[in-house]
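Report on the structure given below.
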Amino acid sequence: MRTGTESALNVPMNRAVVVESDSPFAELSIANPAIADISSLSDRTIYVLGKTPGTTTLTILDENGRLITNVDVRVAADVTEFKERLRQILPGENIEVRTANDGIVLSGTVSSTQKLDRALDLAQRYAPERVSNLMSVAGVQQVMLKVRFAEMQRSVAKTLRSSLSLGGDLLGGDLGLASETGSWIDGDNTLGSPVTVADGTEGAAVFGFNAGGLEVGILLEALESKGVVRTLAEPNLTALSGQEAKFLAGGEYPVPVAQQEGTISVDFKPFGVELNFIPRVVDGDLINLELKAAVSSIDSSNGFDQDQIHIDAFRRRETSTTVEMRDGESFAIAGLLQDDFTDLNGQVPWLGDVPVLGALFRSAEYSRQQSELVIIVTPHLVTPTRGQALALPTDRVKPPSERDLFLFGRTTAEGNRPVKGAAGEVAKQDFSGSYGYVMD
């Protein structure tokens with residue numbers, strides 16, 4: 001230390017520094033002994049020990065009491081070991097370490113969020129609850145999630161019924177007998193009265209004949225139905241890494257809810273295709289996805305009726321999971337295969353057990369329903385682009401003029417379409433081609 005003022009000395013906390021003065025001194029004083037402790041080893045050598053983080057002043061006087069110099073003693077946490085450990089654990093990362101009072105300040109750029117978290121965890125070991133994070137993450141931090149909902153439903157139902165009715169005058173009285181769908185009242189009714197065709201029957205045949213005073217009617221009913229339902233939805237949604245994004249394509253259904261004092265309020269229940277997810281770019285192109293997806297629809301067949309109020313039920317398929325995959329990879333996060341089978345055989349007691357003729361007193365019903373649901377997710381790292389590179393589904397369709405519509409019967413205008421860029425390529429396509437957003 002040379003003669004003068006406002007020189008500075010940096011001392012690590014809990015470590016000592018020995019300094020020498022160019023001029024011999026006679027007296028030493030420290031402004032705040034709680035920050036640093038001093039002692040003289042000779043008339044030119046000073047021993048300084050850092051105790052707590054902070055800044056204080058060391059004053060040095062000669063034998064005549066004149067000021068030699070004032071030294072600003074700055075005591076900070078020792079980060080030498082922390083820097084070494086940081087280079088060992090995260091080699092090649094551009095992380096700068098500084099001290100601020102009694103804490104650690106991290107700045108610079110890291111390659112991924114995962115490595116940023118590792119650096120912060122290591123810093124907490126050396127300065128618990130005193131770490132300031134000024135680091136930034138390099139690379140793409142926006143994720144577009146493409147989700148495909150695919151569902152197939154197949155149903156088959158078959159029914160075969162037979163009915164036998166007898167009527168007429170036998171032994172001087174009225175005779176009436178009917179099985180299954182028949183309902184006989186008295187013997188004066190005509191032959192067709194006791195045999196009625198059930199609702200929904202696709203095929204029915206009635207046979208009748210007279211044997212003296214006995215009238216016989218036979219009814220055969222058959223029903224067979226097949227159905228296929230295909231549901232496909234492909235919602236796309238973009239979100240910043242670590243931020244939640246929500247998507248709903250459907251609507252909201254009003255549901256009355258009873259309140260106190262007999263009042264009724266209305267709550268709205270969403271239905272349709274729902275998607276909530278939180279993406280996190282972990283390392284490079286590795287993406288962690290925390291998502292919740294659901295497909296719901298209104299089911300009128302399982303509704304609820306009360307006081308002239310009808311509330312429909314909901315059919316809902318939902319999944320919630322967390323997966324990790326790289327950019328462009330796909331994962332089937334959920335799958336449901338459901339197979340319902342029903343077989344029913346009914347008959348008139350005893351008569352249905354009679355060989356051959358017992359078939360006229362039996363009915364058989366068969367029903368089978370199958371459904372299969374698959375949910376596939378594909379994340380992509382995306383960056384913004386210029387607006388001219390995006391094309392909308394409406395770019396190829398322009399409203400017609402009155403002349404085109406009424407005179408030539410055209411539903412779209414031929415001119416005024418985009419001719420350049422991605423929008424122009426989409427505008428050249430017809431409805432048999434691809435459609436939607438086009439991004440390079």
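Note that the structure is predicted; figures quoted are calculated from it, not measured. All heavy atoms count here, side chains included; hydrogens, waters and symmetry mates do not.
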Would you call the rings of F271 and F314 parallel, tilted or perpendicular, taking 30° and 60° as the class edges? tilted
Answer yes or no: does atom CZ of R130 have more than 12 heavy-atom neighbours from other residues, nucleotides or ligands under 6.0 Å? yes
For a salt bridge (charged side-chain N to carboxylate O under 4.0 Å, His left out) check, start with the C-alpha distance between E274 and R316, then their side-chain angles and the critical distance, and finish with the verdict. CA-CA 11 Å; E274 301 176 59; R316 184 179 180 89; 2.9 Å; yes
Only one of N10, L9, V11 passes side chain to side chain contact (heavy atoms under 4.5 Å, CB included) with R74; say which it is. N10
Determine whether more than 12 heavy atoms belonging to other residues, nucleotides or ligands lie under 6.0 Å from atom CD of E63. no
Counting heavy atoms not belonging to Y366, are there more than 12 under 6.0 Å from its OH? yes
Would you find a donor on one side and an acceptor on the other, under 3.5 Å apart, between the side chain of T57 and the backbone of A31? no
In plain terms, say whether R315 and E151 are close enough for a salt bridge, that is, a side-chain N and a carboxylate O under 4.0 Å apart. yes
E234 side chain vs V147 backbone, donor-acceptor pair below 3.5 Å: no
Which heavy-atom pair separates R15 from L49 by the least distance, and what is that distance? O-CD1, 3.6 Å
Does atom CZ of R44 have more than 12 heavy-atom neighbours, drawn from other residues, nucleotides or ligands, at distances under 6.0 Å? yes
Using side-chain heavy atoms (C-beta onward) and a distance below 4.5 Å, is F149 in contact with R317? no
Taking all heavy atoms of I104 and all of A123, pick out the closest pair and write down the distance. CD1-O, 4.3 Å
Of all the heavy-atom pairs spanning V97 and K83, show the shortest one and how long it is. O-CE, 3.7 Å
Donor-acceptor pair, T52 side chain versus A34 backbone, under 3.5 Å? yes
Interatomic distance, D285 atom CG to R326 atom CZ [nearest 0.5 angstrom]: 5.0 Å
Are the charged groups of E81 and R125 less than 4.0 angstrom apart, N to O? no
Within a radius of less than 6.0 Å around CD of E402, do more than 12 heavy atoms belonging to other residues, nucleotides or ligands occur? no
Criterion side chain to side chain contact (heavy atoms under 4.5 Å, CB included) against L28, the qualifying member of V71, V48, I60, T59: I60
Would the number of heavy atoms belonging to other residues, nucleotides or ligands and lying under 6.0 Å from NZ of K292 be above 12? no
If we only count heavy atoms from C-beta on, is the L381 to V143 side-chain gap below 4.5 Å? yes
For the backbone of G328 and the side chain of T378, can you confirm whether one donor and one acceptor N or O come within less than 3.5 Å of each other? no
So do the side chains of V377 and L145 get within less than 4.5 Å of each other, counting heavy atoms only? yes
